[in-house]
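Just so you know, ligand 1 is whichever comes first in the structure, and atom 1 is the first atom listed for that ligand. Residues take their numbers from the sequence shown, with the count starting at 1.
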Amino acid sequence: MCGIAGYAGSKQVTPVLIGSLKRMEYRGYDSAGIAIVNNGSIAVLKDSGRVDRIAEKISNRMTGGNLGIAHTRWATHGEVSQDNAHPHTSCNSEVAVVHNGIIENFQELVATLRAEGHHFRSQTDSEVIAHLLERSYQRLADPVKALQEALRELIGSYALVVVFHDRPDLMLGARKDAPLIVGVGNGENFIASDILAFIDHTDRVIFLEELEMVTVTSQSVELMKLDGTRIEREITHVAWEAADVSKEEFAHHTLKEIHEQTRSLRTALLQDEKSLDSFVSNIKNAKNLYITSCGSSFNIGLLLKHLLTKLCKIPAQAFVSSESDEYIDLMDRDTVVIAISQSGETADLLKAVSDARGRGAKVLSIVNSVGSTLSRKSSVNLYLNCGPEVGVAATKSFTSQLVLVYEVIFRIAGMHSKRNALRDVSSAIEQIFMQEEKIRSIAGVLKLFNDVYFIGRGPHYPIALEGALKLKELSYIHAEGMAAGELKHGTLALIDKGTPAVVINPHDETFNDTLSNASEMRARGATVVGISSINNELYDYWIPIPETDPFLQPILEVLPLQLLAYYTALERHNDPDHPRNLAKSVTVK
Ligand code: F6R
């Protein structure tokens with residue numbers, strides 16, 4: 001969700017924080033702002049709108065100062081407006097705060113503070129933190145004690161960074177149920193919700209754990225529990241580089257990340273053997289097996305469930321993390337939960353995982369972000385190794401998750417020869433990129449419609465769901481992914497003259513049945529887009545996919561769907577990197 005960042009060093013703070021804002025924009029892009037401590041006061045500039053526009057204003061007007069905080073917002077409480085943008089300051093502007101999370105008791109706190117004479121400028125839950133802090137700081141004159149006192153009043157989740165008007169070299173951070181990371185530089189230090197915020201300055205990081213706080217100056221980083229107990233923690237080197245987050249020659253991060261899949265499918269296979277063995281043996285020995293995730297990662301969860309059940313004959317339940325309540329009471333010490341996530345910070349998923357651990361279940365995860373909350377809560381991690389994903393829509397992370405799912409499944413099922421085919425699949429992807437112009441022209445057709453249907457059977461059903469999800473989020477066209485056989489049980493009524501239907505129909509055991517479903521749609525006037533290695537007269541448009549090992553077709557067939565969504569977004573003049581109303585890494589429930 002929102003991105004937060006802070007800098008303490010000797011450089012001019014404005015350009016540093018603008019760089020952070022730009023790299024964090026994918027976490028929220030309805031407003032942004034910065035606060036700088038200089039000459040005994042805090043200067044704030046914030047506004048609604050995209051970072052580029054706000055950054056220009058900030059660069060022109062905010063000079064001086066070596067310490068500051070910044071925020072990109074994804075609105076939860078209060079409309080998108082200048083007042084509701086962060087940073088928030090207290091009545092006398094003696095403290096400023098940037099916050100990611102939700103303060104659940106903010107209404108009661110606001111009422112109390114108003115009664116004491118505090119004036120609120122925004123409708124956000126976050127502003128209350130600034131007022132609580134100012135009240136404590138005026139009384140205690142100690143930043144750490146003041147923050148501890150303020151935090152004791154808060155119910156909810158937070159990752160926050162605060163600065164004080166009379167402390168030009170000190171910022172404090174704290175976390176509860178939202179990520180916060182310190183970047184350790186030379187003569188400069190950073191705090192942020194996300195490594196990308198400071199990756200072009202340092203790759204040395206310290207991850208804050210739950211209910212920890214940190215004091216950061218240009219020369220020091222001191223970690224403590226919320227009660228003040230000091231903590232020593234090793235610095236971690238992260239493998240990501242600044243180049244990973246540039247668009248290079250591509251028009252958008254999304255397109256770059258789609259193209260990166262030729263490489264990322266290979267790096268997904270670079271796993272620690274011990275972790276793989278442990279992942280596999282935990283699944284084999286589980287009495288109850290659950291899979292949980294959200295959004296695109298949930299579509300992978302459905303595919304994993306399908307393969308475990310069909311190939312490995314291991315029953316498993318897959319549920320979206322926000323619906324975990326239904327299953328938690330069934331979990332116990334013999335339960336294994338597989339959690340799948342790109343960010344490792346999705347709030348719904350972390351709640352499901354915490355609850356499962358509370359019941360004694362063991363958590364195995366498939367995750368991209370090393371050091372993320374999920375990775376630290378899991379007994380075994382398989383890492384996607386696909387580098388940072390900046391485009392809001394999951395693309396390369398989806399196929400890397402898929403590769404790991406197959407790696408695990410083939411080991412469980414003893415299908416070792418298939419693992420070579422998995423190694424070869426990345427070369428087949430090149431052939432899909434040769435279809436890019438054709439896919440773009442099909443996007444020119446889809447853009448004219450209000451509804452698009454995606455169908456597939458067996459392992460291709462989750463891919464149909466993923467195709468529909470991608471199209472919805474990037475093009476804003478309503479789309480529905482369906483098990484192909486379900487169509488005739490109701491949805492067929494919606495097929496009308498021209499309605500686009502994307503039929504995922506590789507040459508495997510589902511082929512003939514899915515073709516019949518395509519025929520049923522065509523008979524009702526649908527414009528059929530076939531995704532298959534074999535052309536058919538039923539297809540108005542055919543996107544060929546290379547014929548590989550039948551098990552691995554889902555990896556190939558999702559690529560044209562990603563490109564279709566990307567180009568439809570362009571055709572409709574949408575920004576595919578920043579779909580409206582969305583943000584990467586959903587850290588609120
Ligand atoms: C869709 C998309 C989202 C995420 C979902 C889970 O393109 O990106 O649906 O898949 O929010 O996020 P992670 O995988 O980070 O837990």
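For atom 3 (C) of ligand 1, the nearest protein heavy atom (residue, atom name, distance) is Ser296 N, 4.0 Å. Closest to atom 11 (O) of ligand 1, if we only count protein heavy atoms, is Val586 CG2, 3.9 Å. What sits closest to atom 7 (O) of ligand 1 on the protein, heavy atoms only, is Glu473 OE2, 2.3 Å. What sits closest to atom 5 (C) of ligand 1 on the protein, heavy atoms only, is Cys294 O, 3.6 Å.
Considering each of Thr346, Asp348, Leu469, the one bringing a non-hydrogen atom nearest atom 16 (O) of ligand 1 is Thr346. Looking at Ser297, Ala347, Ser343 and measuring to atom 14 (O) of ligand 1, the nearest heavy atom belongs to Ser297.
Neither the backbone nor the side chain of Leu349 has a heavy atom within less than 4.0 Å of ligand 1.
Which parts of ligand 1 touch Lys470 is read off a 4.0 Å heavy-atom cut-off, strictly below it: atoms 1 (C), 7 (O). When each atom of ligand 1 is checked for a heavy atom of Ala393 under 4.0 Å away, the hits are 7 (O).
Proximity of the aromatic rings of Tyr461 and His306 is defined here by a centroid distance below 6.0 angstrom, and this criterion is not met. Ring centers of Tyr327 and Tyr290: under 6.0 Å apart, within the cut-off.
Other residues, nucleotides and ligands contribute more than 12 heavy atoms inside 6.0 Å of the NE2 atom of His237. In this structure, Lys362 places its NZ atom where only 12 or fewer heavy-atom neighbours from other residues, nucleotides or ligands lie under 6.0 Å away.
For the pair Arg580 and Tyr476, the cation-pi test (distance below 6.0 Å, angle within 45°) is passed.
Of the possible donor and acceptor atoms, none in the side chain of Arg263 sits under 3.5 Å from a partner among the backbone N and O of Cys386.
In this structure, Val392 counts as a contact residue of ligand 1, since one of its heavy atoms falls inside 4.0 Å of the ligand.
The two residues Leu180 and Ser193 make their nearest non-hydrogen contact at CD1-N, 4.4 Å.
Leu448 CG to Thr527 OG1: the interatomic distance, rounded to the nearest 0.5 Å, is 10.0 Å.
Checked by distance only, ligand 1 and Gln401 stay at 3.5 Å or farther apart across all their nitrogen or oxygen atoms.
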